[in-house]
Each structure stands twice: as C-alpha cells, then as structure tokens.
Amino acid sequence: MSELAIEREIDRSKMQVSDEIAIDINGMNKWYGSFHVLRDINLTVNQGERIVIAGPSGSGKSTLIRCLNALEEHQQGSIVVDGIELSNDLKNIDKIRSEVGMVFQHFNLFPHLTILENCTLAPIWVRKTPKKEAEERAMHFLEKVKIPEQADKYPGQLSGGQQQRVAIARSLCMMPRIMLFDEPTSALDPEMIKEVLDTMIELAEEGMTMLCVTHEMGFARQVANRVIFMDAGQIVEQNEPEEFFNNPKSERTKLFLSQILGH
Amino acid sequence: MADQTNNPIAFVADGNIPESPPPARETGVVKWLRENLFSGVANTILTVLSLILIYLLLKNTLPWIFNGVWNANSLAECREILAGKTGACFAVLAERWPQLIYGFKYPVDAYWRPNLAFILMLVAFAPVLFFDLPRKLLLFTAVYPFIAFWLIWGGSILVPLVALIGCVVAGGVFQKFGKNSFAAGFFGAIVVALVIWNIGGALIPESASENAWLSPVPSRDLGGFMLNMMLGVTCVSLSVPLGIALALGRQSNMPLIKWVCVIFIEFIRGVPLITLLFVASVMLAYFFPPDSTVDLFLRVVIMITMFSAAYIAEVIRGGLAALPRGQYEAADSLGLDYPQAMRLIILPQALKISIPGIVNVAVGLFKDTVLVSVISMFDLLGMIRGPILASTEWNGVYWELLGFASLLFFVVCYGISQYSQWLERRLATDHH
Ligand SMILES: Nc1ncnc2c1ncn2[C@@H]1O[C@H](COP(=O)(O)OP(=O)(O)OP(=O)(O)O)[C@@H](O)[C@H]1O
Ligand SMILES: [Mg+2]
C-alpha cells in the first residue's frame, strides 16, 4: 500500500505518554486447537501511547488485539488491561470491554438501529446513562467524526467511510480509555480511507491510547510512537517509526517493508 | 487523419432534448394486454385456455351460490324450495351458526363472554403487532390472558386473580435476583409462583365458583370455531417464546442445556402431531400427579405448543446462523452482557429474518388445530363431522359446511400473511 500523504500538520503537543500502564502483556501464548498462533508475547503499553501493529497476513495481529478485550481467550501468560487482569471471570471481562473500544475491519454496525441508536445503545444499557444525556454525547461524537446530519439514518444508507466513522463514534460514546483498531481502513475505497484516518489522527491528538493494526504506513510514520512488527505469531521487532522504517534490524522486517512499500 | 474539429469520437451536447410523450402503442391497456397476455403464440393459447377454465368454473359455481337457500329447516326442505335447480343449501349455516362458532354445549346466554374476550384480544394484540402504538398498552396485554380465561371459563374470579398475583410476584423476584444471577432469578421465580398458586388455590373455597358472577363453563363444553381460535392464539403466543428459548439453548455453550434442547427439538419434529394429540388425550395424565385432573384443553395446548415450538426453534436457528459473527463481536466489544446482546442486537435481527418462517409455522399450526376433532373435541370440524352432519335434518350438506369452514380459516390465515408482509416492509432498514 502506498504512503498516504497526510497534508495537515499534526499537533503532537497533547500526544504525551504518561507513566501509567494501560496494558501489560506478560508471556502470553495462545493456541487454536494445536496451532500455536501467539508465541510468548510480552508488551507493555503506557497510557497515551499510539501503537501500530504491522505484519504479513496470518501473523496473528488480529488475534493479539482481540485477546486484549477477551474476544479471544488466551491459554497462557497474563494480560492486565487498565489494572484489571483478564481471567475467566465474566464480570471482569464485561468491565474491561466497557473500558476498551474496538473498531473492526467490517464496521459491524447494528443494521436494525439508526446511527444515533447505534451510538447510544451501550451507554444506556451498560453504563446506565440517562437516554437524553447519552443522545447528547452521541451527537457530540458524531459531530466530531463529522456526520451529525446522518444521525437518523440506518447504517445501510451510509458509505463505507461514513460507517467506519460511526463505528468509531459508537466506541467513543462509551468513553473508553483505550481504543483498538483492527485494519479499520482495509475494507474501504481509497478516497474514504483518508476521512477515517483523519478521524483517527484527531483521536491521537487528544491523547487517546491506541493500538492499531493497519497497513497505512503513512499513518504509522506520523502518528505512532511505536511500531510493532509481528510474524508467525511473535513480535519480531518494535521500534520508533523513524528507526523502524529507515533502519529495520531483522531480515523479516526488511523483507516485509520492501514488499509493502513497493521498493 | 482528419482535423480535430471533425473527430468522430469527441462529442458535446449542445442543449437539452425536450420531453415528449411515449408513442400510443407503448402505453395503456393495449400495451399491458399485449405484453402480459398475448406476447406470443404459446402465451396466447395459455391465456385463452385460462379464460375458458375460469368461465367454466364460474358458470358452475355462481348459480350454485346465487340460487342458495338461506331459509329452511332441513336439507329436504331446501331441495323442495330449489325444485330441481342447482343451488346451495346455506340454511344450515343460518340455522347452526351458533353451534359452528361456539360449539353445541356452550351456554347460549353466555355467548357474549367469548365475544367480549375476542374484542379484547384485538386490543391486547394491537401493541404487540403494531409497535408504533404507545408501549403503555402492553400492560393490558399482560393482564389479558387472565381476563380472557375468566370470561371464557367463568367461575370464581379468585382463580385468575391468584394466577395473576403469582405471575406478578414471580416477575418481581426475577427482576430482583435475575440481575445478579440468571439462574437464581429464574428458579426463584418459578418456586415463588408455585408456592403462591398452591397456597392461593387452597385458600379459594370450594363453593366459590357456585355463586360466581360468571357461571363456570367446563373445558369440554368449549367448541366450534371459538375452540380453534383459542387453541391457535394460545399456542402461537406460547410457542414463539418457547421456540426462541429452544433456539438459544441449542446454541448454548453449556452442554447440558444444549443437549436437552437438541433432543427435545429432534424428538418432537420426528413425531406426527396427531400422535402427540392422542398422547395428550389418554396418556399425559400419567405425568401429572394422580389426583390432579389436568384439563384436556390444557393438555392439548401443551402438545401443540411443544410441536410448533420445535419448528419455530429451527426457523429461528436459521435466522441466528444467518447473522454475521461481527454482530456478536460488536455487541461483546461494547460490554453488553449475554441477555442484553441477545435482546437488543441478535434476536431483533434474527427474528426479522425468521418472520416468513415463523408465520409459515403459525399458519400451519392454526390450521392443524382442526386435528383435535380426532380426539373427540368438538372444534369447527368436529362440529361439522359430528353433531351437524349426523343430524337427520342436515345429513349430506357437505359443500356448504366445509366451504364455510374453509372460508373462516382462509380469512384468518390470509390476515396473518398480510400482516407478516406489512411487518417485513416496515422492518426493512437495509435499502431505501
Ligand atoms: N477461529 C480460528 N480458528 C483457527 N485458526 C484461526 C482462527 N482465527 C484465526 N486463525 C488462524 O490464526 C492465524 C492468525 O490469524 P489472524 O487473523 O490473527 O491473522 P492476521 O495477522 O490478523 O492476518 P490478516 O492480516 O490477514 O488479518 C491465521 O493463520 C489464521 O488462519
Ligand atoms: Mg486480521
């Protein structure tokens, strides 16, 4: 994928990393049956970090971030999200899920609900926010992703880029402390990729902790403060974006970068 | 190469082409006829054949209907009046009308009670069927079953009252404890309801029903189309929620629940309804405590409900399977718990997909209620085959009676099907 030119200046003033630990993964392993998908993952993410995860198809990127909100179960090691250890306790899982927003490749909006209802559903039912307040907040975030005028339409009436921005707004309405993105732009046409990336950049500028699986290397260069390269279920290399792109250490990273950047 | 101005490919429109009416051959009746009925030799032949068929059909039935006799006391009298002409003997409908509708034992001076129950039923169903109506009406829907029971069966008002109190208290218990643990709430509610019903039942004096406002009518006195309606409405209303529960149970991660549901569904689907009805009429008594005389109506309702719930469960399972995994994941990732995810996200969509299938089962179930005539209940068909055709006056009036029965069933089933089509259009959110 080509590097996407992001024209405007990025305001890094608020994108500060605090000492507080948001996610701590320790010696985590996961198997699908006998297939070892994730091998000895160790990763610490501080509050306010923007991390981009890259790697070839099938390397386990999706599986990794899906483990972070227990959409997938891990079998070994520990994952601590926002101070809560992920275990089999359903209460903990629901608690973590309501603190961690997730944006999917295929948007996964609820087609039987309007855009506004998509955004207010979880705050009303999970957070017990009064309906009026939830609606005000939803409109606030819809304005932020620049589609307040679509609030009464259904997802099926929106373009892909608009749907993905609604999906981001829907997650934000839960006031999450961490946002996970799983290839948020790979199902979109080129002209819609930019509008979604812009939304994500704005989010980064406000200091949101973000873990992003993406092939948008332009985004990684400008927004991330760490790029993680995965292959065959393990973290092969991680570095600051400048170093990662200009000076990759491992052979596998070099090969991957040469393919993806088309040199 | 020619010069640029004569380039045959380049083109720029130099104005708007004015609007003009279509040619006469392309509009109106002529076009419609030509396109739809006479668009080729084969189609023309088929059109002509169909017209001949329709003509023959009408030529033979119309005189039969229009010559029909409405006033007579027996088939013989009808024949006399007709004096050899073809004509129907609708007099049987006129004379036996109450029996066809209410059965032959329901007290005549109490006909207003099922009538009122029927009208109230329309009110009770309105907010369920048309969800744009104010939600407060659902309160009436919730108490309707108790009102209807009291109206139709009569007897002491204490019976439905105790039943209602049991349900309300059980609902309260479920609300309170179900939040923490579904199982605690669920089983707690059942236990509380049973306790209240038993204590309440014991407290109601034996003589309560003798001097009741509404004279008691035993179940075996119910009959006619009223019985079909009662069975159909009760069983459909019960089997949809039961079907949903079975479909969800079949998907459950808990092996015990899953296997109970699978075995139940597969067993029920493998047995003919008529067999289940025979079981209801003779054998089901074994499953209840020996001294309880569980009502035949109740036993039949249980059997038909189980039967159609198994089918509805399979229809809904199809709907659940048609939902993309992403919907479950999105609901999970927002922190919704299982009951919330099901109620707010999964079921609304799965049920929408399942509407045609559920309606299919409901229509089939409604028509299958005539099978109870086989276990000697006098529903509409039972009345026709039994007391009416067996009577000396009306022996032999098949067409009129069975035609009337078909008409009644057709009206109801057509109504259901029209409603479901409206519902599907109303719920369509994907493209418009
Ligand atoms: N439910 C599952 N059961 C068995 N194997 C699975 C399952 N889901 C994923 N896998 C396998 O696990 C591996 C990692 O999958 P994952 O989706 O995490 O890859 P990815 O890095 O996100 O790839 P992509 O870039 O194509 O999305 C793949 O080999 C995949 O085939
Ligand atoms: Mg993936």
For this session: Report, as yes or no, whether the 6.0 Å neighbourhood of atom OH on Y414(B) holds more than 12 heavy atoms from other residues, nucleotides or ligands.
Result: no

Exercise. Under a 4.5 Å cut-off applied to non-hydrogen side-chain atoms, are L336(B) and L121(A) in contact?
Worked result: yes

For this session: Can you establish whether the number of heavy atoms outside Q175(B) located under 6.0 Å from its atom CD is more than 12?
Result: no

Exercise. Only one of M102(A), R170(A), R66(A) clears side-chain contact (heavy atoms from CB on, under 4.5 Å) with S333(B); which?
Worked result: M102(A)

For this session: Look at atom CH2 of W422(B) and say whether more than 12 heavy atoms of other residues, nucleotides or ligands are closer to it than 6.0 Å.
Result: yes

Exercise. Contact part of F110(A) toward chain B, heavy-atom cut-off under 4.5 Å: side chain, backbone, both or neither?
Worked result: both

Exercise. If you draw a 6.0 Å radius around CD in Q421(B), do more than 12 non-hydrogen atoms from other residues or ligands fall strictly inside?
Worked result: yes

Problem set entry | Side chain to side chain, L334(B) and V126(A), heavy atoms closer than 4.5 Å | no

Problem set entry | Residue F131(B) excluded, over 12 heavy atoms near CZ under 6.0 Å | yes

Problem set entry | L139(B) atom CG: more than 12 heavy-atom contacts under 6.0 Å | no

Exercise. So what's closer than 4.5 Å to chain B heavy atoms on V100(A): side chain, backbone, both or neither?
Worked result: backbone

Exercise. Looking at NE2 of H112(A) and CG of L344(B), how far apart are the two atoms once the value is rounded to the nearest 0.5 Å?
Worked result: 7.5 Å

For this session: Please state whether the side chain, the backbone, both or neither of L109(A) comes within less than 4.5 Å of a heavy atom of chain B.
Result: backbone

Problem set entry | Donor-acceptor contact below 3.5 Å, side chain D94(A) vs main chain D337(B) | no

Exercise. Is it the case that more than 12 heavy atoms not belonging to Y144(B) sit under 6.0 Å from its OH atom?
Worked result: yes

Exercise. Which atoms of E329(B) come close to chain A, meaning under 4.5 Å heavy atom to heavy atom: side chain ones, backbone ones, both, or neither?
Worked result: both

Seminar exercise, completed: CZ of F104(A) to CZ of R325(B), rounded to nearest 0.5 Å, is 10.0 Å

